[in-house]
Amino acid sequence: MKSFGERIADLLIADGLLSQKQLSEAQETQKKQGGRLLKLLTERQFVTENDLMVAMARTLNTPPITLTKMHPASDITELIPKDMAQMYKLVPVARLGKKLYVVMADPLNVLALDDIRRVRPNLEIVPLITTEKAIVDFHNNANNAVTGGMEEILKDVDTSEVELQEDKAEEVNLDKLVESSEEGPVIKLVNLVLMQAIKDRASDIHLEPFEKALRLRYRIDGVLYDSTAPPKSLQSALSSRIKIMASLDIAERRLPQDGRFRIKLAGRDVDLRISILPTVHGEKIVMRVLDKGNLVPNLDQLGLEPDDLMKFKRAIDAPHGMILMTGPTGSGKTSTLYAVLTQLNTPDLNIVTVEDPVEYQMMGVNQVQVKPDIGLTFADALRSILRQDPDVVMVGEIRDSETADIAVKAALTGHLVLSTLHTNDAPGAIARMVDMGIEPFLISSSVLLICAQRLMRKICPHCKESFQVPADVIHRLGLKPEEVDGQQFYRGRGCGRCKETGFLGRLAILEILSISEALREQILLDSSAKVIKDLALREGMRTLTRAGFAKAKAGLTSLDEVLRVTGDGH
C-alpha cells in the first residue's frame, strides 16, 4: 500500500506538475538522508508549496485556505498557546460552537492534533490546510505587530530628556542605569533588534557607536547590511539592557566583556553570544546568533562530492588519528566539526570537547569551556581530558605549540582528534604545524585528513536566471574555455525575498586533502607547502576554486560569488 506522500506524488504526476524522474530522485535522497518525501519535493523545487497544498487538500478532502485573506480575532488565536502554534506551524482561525477550525501546514500531524486536544479538550478540532510559508509569515507578522516597529516604539521615548554620559572618571549611577534599561521602549527595542536578526537569518548583529549616531548592521549570508538604527541618546540604556540579559557588569564601561544568553522564538531556542568592546565613542556590541536550526545534521547533508564524502567518512571511521579543519573566522569550520560529532555520537563512544566558547550544546557530548583567567587553557583542559578515557576529542582551535603537541600525541595514542587551524588552504596546515614546533615525523604519523572550508552564498531560487559569464571572470578563475563552452551558468536577478541581493542562504565548499603514503613521505622530508599541494592535486585533490566551480555548474551559486570567496584560481 502506498504511503500518503506517494499518493500525493502520484496526483502531482497525473496533473503534470511533477515528473517520474524528479520523484525517483527525491525518493533516492529520502533513502540516503531520511526526511519526509513531500518536504523534499518542495526543498528541491520540483513542485511549489501551493501546488502541494492543493494536491493534499484534494486527497484529504480538506478545504485549502488563503491565510493572508484571514484576520482571526485575538481571542481565537489565543486558544492555542503561541509556542505550540509556532512549533507545529498552525493557526486557529475560527470557532463555531464546539468546533475549532485550525489552519495547518500538515493536517496529518497526529502529535500536533493530540497536543491541541490536550489544551482544548472540550473542543472538536477541524483541520484546514495552507502552505507552510503562509503560516510562518503569519506568525512573523504577528510578532512584529506585538513588538511594533522602531518608529512606533520610539514614540514612547522623550529623547530630549536623555543625556549622554561622557566617559569620564565619575562614579556610575547603577540605579539610574538599571532603571533606564528596564523602561518598556528600551526592552521592546532590544527585542525588535533580536527578532529582526532571527527573521532575516542573520549570523551577527553589530551595534556600533559613533560621535553623533549609532549604527545597526546585520550580517546575512556573510555580508553586512545596514538597518534602521536606534537614536544615539538611547546608547547607554541599550548597552545596559543587553548587559543585564547577558549577566555582565553594567557598571564596567572601560574593559571588554563577553557573555551569552538564550531566547525562545518561534518554538525554538536561540543562543546569543555577546562581545562588548569599549571604543572612543562608547561600547561597540556584537551579538553572534547561534541557531541550532541552522546546523548541518550530518555529513551527508554537507553537499560534498561523492569521492570527497568517502574520504571524510573513511577518516572518521579510523580508530585514531587527527582531522583538521582550516579557514578564516566565520568559514563554518566548527559547524562542520559538529556535523562530524553528530555522526560519531553513539552510546559506545566517549566524546569530549574543549572549546572557546562552547557554541552549541550537544546531548551525549561532554563539552568543556576554557577559562584562561583561572588557568584553564586549551592545553590544561586537554591534559585532563586525556585522563578521562576518551575515544574522540575535539579541540576547538589549536592556537599554540603546547596545545598542538598534546593534540598530536593524543592522536598517536589511540584517540580520534578533531580540531581547527587558521590557514588559507589544506596543504598550508602542515607548514603551520611545523612552524609551531611539531616534528614532521609526528605530523606524518598522526594526521589523517585536512579540510579547508569556505562559505559561499546560494542563488535565490525565486529570481534565478541564466546569463553569459564575462570572459574576465572565467580567466581569473583559471578555467579553460572548453570547461565553460555549452555550460549554463546562473545568477540571482534580485527580488523582495532576497532583499534584492540575488542570494538566499549559504553552502559550504571544501578542499579535502587525504594523507596518502606518498604525501606522508613528503611530510617526512619536510617538503614545502607547494610540493605537497602539487602532489595532492596529482592525486585528485579538488581545490576550493574547483569545488566552487562545481557548485556553479550545478546552478547553486554564481561564478562571481566563487571568485569573491576563493580569489583568482591561477
Side-chain angles (χ1 to χ4, degrees), residues 1-12 17-18 23 26-27 29-31 33-70 72 76-96 98-143 264-270 291-295 297 301:
M1 185 176 175
K2 289 191 174 183
S3 68
F4 177 72
E6 289 170 332
R7 283 160 51 205
I8 297 294
D10 287 344
L11 187 58
L12 290 166
L17 300 170
L18 179 71
L23 174 59
Q27 288 172 328
T29 304
Q30 185 185 31
K31 286 178 186 176
Q33 301 178 3
R36 292 169 53 230
L37 178 62
L38 299 182
K39 184 81 171 169
L40 287 170
L41 291 177
T42 55
E43 284 178 351
R44 302 295 291 273
Q45 298 171 34
F46 292 154
V47 294
T48 66
E49 281 196 20
N50 199 60
D51 289 339
L52 186 61
M53 174 190 71
V54 173
M56 288 176 70
R58 283 168 58 191
T59 305
L60 296 170
N61 197 24
T62 301
I65 299 296
T66 305
L67 194 54
T68 52
K69 296 180 180 178
M70 303 194 74
I76 299 297
T77 57
E78 288 170 4
L79 288 172
I80 296 176
K82 186 177 174 182
D83 287 350
M84 183 186 294
Q86 292 179 333
M87 178 173 68
Y88 288 129
K89 295 185 174 60
L90 53 88
V91 179
V93 292
R95 178 180 176 179
L96 294 174
K98 291 287 186 180
K99 291 185 176 181
L100 178 63
Y101 292 83
V102 180
V103 178
M104 307 177 69
D106 181 7
L108 291 179
N109 190 331
V110 178
L111 289 175
L113 293 169
D114 285 346
D115 276 359
I116 298 171
R117 293 186 184 107
R118 180 175 53 78
V119 297
R120 292 296 167 194
N122 298 324
L123 294 176
E124 178 190 345
I125 309 304
V126 181
L128 309 173
I129 189 168
T130 192
T131 64
E132 183 174 317
K133 181 183 182 303
I135 290 180
V136 171
D137 287 347
F138 179 90
H139 286 304
N140 284 340
N141 292 335
N143 286 336
K264 192 159 191 169
L265 185 68
R268 67 180 191 262
D269 289 327
V270 178
D291 185 357
K292 283 188 180 179
N294 293 332
L295 273 180
Q301 295 184 1

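Excluded from the calculations below are hydrogen atoms, water molecules and symmetry mates; all remaining heavy atoms, backbone and side chain alike, are included.
- One finds the CE atom of Met87 at 9.0 Å from the CG atom of Asn109 (value rounded to the nearest 0.5 Å).
- Across all their heavy atoms, Val91 and Pro72 have their closest contact at CG1-CG, 4.4 Å.
- Under the rule for a side chain to side chain donor-acceptor pair (under 3.5 Å), the partners of Tyr88 that lie at least two apart in sequence or sit in another chain are Asp115.
- The side-chain contact (heavy atoms from CB on, under 4.5 Å) check on Ile80 picks up Met84, Ala85, Leu90, Pro92, Leu100, Val102, Ile116, with sequence neighbours excluded.
- Residues satisfying the salt bridge (charged side-chain N to carboxylate O under 4.0 Å, His left out) criterion with Glu132, sequence neighbours excluded, are Lys39.
- With sequence neighbours excluded, the residues forming a side-chain contact (heavy atoms from CB on, under 4.5 Å) with Pro107 are Met56, Leu60, Pro127, Ile129, listed by chain and number.
- Of the possible polar contacts, one joining the Arg120 side chain to the Leu79 backbone as a donor-acceptor pair under 3.5 Å is found.
- Counting only distance, with no hydrogens or angles, the side chain of Thr130 and the backbone of Val103 share no donor-acceptor pair below 3.5 Å.
- In this structure, NZ on Lys89 lies 9.0 Å from CD1 on Ile135, to the nearest 0.5 angstrom.
- A distance of 10.0 Å separates CE in Met104 from CG in Leu128, rounded to the nearest 0.5 Å.
- In this structure Arg117 satisfies the salt bridge (charged side-chain N to carboxylate O under 4.0 Å, His left out) test together with Asp114, sequence neighbours excluded.
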